[in-house]
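For reference, the structure discussed in these notes is given below.
We're numbering straight along the sequence, starting at 1.
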Amino acid sequence: MSKTILSDDKIGVNASTKRGIDMNTLHHAFWSYFFFRKKQRKTVKSIVIGGIAPDIIYYVMFLYLITEYGIQKLLGSEQAFSLHFIVHGLFDHPVVDVLRKLGHSIVIWLIAFIILMILHKGFKLTPLSGFVWGWFLHVFVDFFTHVSDAVPIFYPISDKVIPGIVSYWHPDYYGYEFGISHSIVLVSTIIYLVIERRKSKKAKKLMKEKKFDM
């Protein structure tokens, strides 16, 4: 037990920062885009927005806390700026805690999904359903990649926390290995997308030339 506690304390602000204000949210956006990029543009945008929606509260509250600090400073507060203080204040804030649990709850998602099925009368992919499916992908991925910072997946029915298989950041739960593996896959996928884009542009150019020749 002491080893785990020491490990958590040792990484301190880095661990807290990586839980929210980092590239992880952009990873959700990237993979949501990659797997659905062939769909209609409006639908893809909705899927990407849904893919990052559960994390938006972190950024909103981060800006709020920085603004609050700035106002306090103007009013004469002598407290020095501390990213550590702001980030810990962010995750300890009751509003963030509740919205984080709600946004990452499969129960809340299921309610949204049922409402969607009633409105849509089926599984057709539209901008509205795209948002819901993007949200589901976020919840699904986070369930397996959060261990010490996992949220109760069945909130608000139950506060029981089910740890994931691997942590995307915590070294005690294969965070380094996951980070390296994910980075390799991410870079490879970006290269693939660049090549795909160039081929697509080349094909369109050839099509235009053929039409011009006719």
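Residues Val161 and Phe91 do not share a hydrophobic cluster, clusters being chains of Ile/Leu/Val/Met/Phe/Trp/Tyr side chains in contact below 4.5 Å. Linking ILVMFWY side-chain heavy atoms closer than 4.5 Å, directly or via other members, places Ile190 and Phe35 in a single hydrophobic cluster. Connection of Ile157 to Val98 is established within a shared hydrophobic cluster, with ILVMFWY side chains joined at heavy-atom distances below 4.5 Å, either directly or through further cluster members. Ile114 and Met117 fall within a single hydrophobic cluster, where Ile, Leu, Val, Met, Phe, Trp and Tyr side chains are chained together by heavy-atom contacts under 4.5 Å. In terms of hydrophobic clustering, with Ile, Leu, Val, Met, Phe, Trp and Tyr side chains grouped at heavy-atom distances under 4.5 Å, Ile52 and Ile106 are assigned to different clusters.
Atom CG of Asp97 sits about 11.0 Å away from atom CG of Leu90, to the nearest 0.5 Å. Rounding to the nearest 0.5 Å places CG of Asp142 at 4.0 Å from NE2 of His28. To the nearest 0.5 Å, atom CG of residue Leu128 and atom OG1 of residue Thr43 are 10.5 Å apart. Expressed to the nearest 0.5 Å, how far NE2 of His93 lies from CZ of Arg100 amounts to 15.0 Å. Atom OH of residue Tyr176 and atom NE2 of residue His170 lie 9.5 Å apart, to the nearest 0.5 angstrom. Here the CD1 atom belonging to Ile108 is positioned 11.0 Å from the CD1 atom belonging to Ile153, to the nearest 0.5 angstrom.
If you check the side chains of Asp149 and Trp169, you find a donor sitting under 3.5 Å from an acceptor.
A salt bridge (charged side-chain N to carboxylate O under 4.0 Å, His left out) check over residues 38-47, counting only residues at least two apart or in different chains, returns the pairs Lys38-Glu196. For residues 124-136, the set of pairs meeting the side chain to side chain donor-acceptor pair (under 3.5 Å) definition, not counting sequence neighbours, comprises His120-Thr126, Thr126-Ser129.
The aromatic rings of Phe113 and Trp109 sit parallel, their planes meeting at an angle under 30°, below the 60° perpendicular limit. Using the six-membered ring where Trp is involved, Trp31 and Phe34 have ring planes that are perpendicular, over 60° apart on the 30 and 60° scheme.
Here His104 and His138 bring their ring centres to under 6.0 angstrom of each other. With ring centers used as reference points, Phe62 lies 6.0 Å or more from Tyr58.
A side-chain contact (heavy atoms from CB on, under 4.5 Å) with His182 holds for exactly one of Ile180, Leu186, Ile184; it is Leu186. Checking Ile47, Leu193, Val48 one by one against Arg37, the side-chain contact (heavy atoms from CB on, under 4.5 Å) holds for a single residue, Leu193.
Gln40 CD: 12 or fewer foreign heavy atoms inside a 6.0 Å radius. Taking a 6.0 Å sphere around CZ of Phe178, one finds it holds more than 12 heavy atoms contributed by other residues, nucleotides or ligands. Residue-environment remark: CZ (Phe30) exceeds the threshold of 12 foreign heavy atoms within 6.0 Å.
Between Asn24 and Thr145 there is no side-chain heavy-atom pair separated by less than 4.5 Å. By the 4.5 Å heavy-atom criterion applied to side chains, Ile56 and Thr25 are not counted as neighbours. Using a 4.5 Å heavy-atom threshold, the side chains of His146 and Val151 count as separate. Taking 4.5 Å as the limit, every side-chain heavy atom of Val166 sits out of range of all side-chain heavy atoms of Phe144. Between Ile165 and Tyr174 there is no side-chain heavy-atom pair separated by less than 4.5 Å.
The shortest heavy-atom contact between Pro127 and Ser46 is O-CB, 2.9 Å. Closest non-hydrogen pair, Ala150 versus Pro163, comes out as CB-CA, 4.2 Å.
Counting only distance, with no hydrogens or angles, the side chain of Ser32 and the backbone of Gly134 share no donor-acceptor pair below 3.5 Å.
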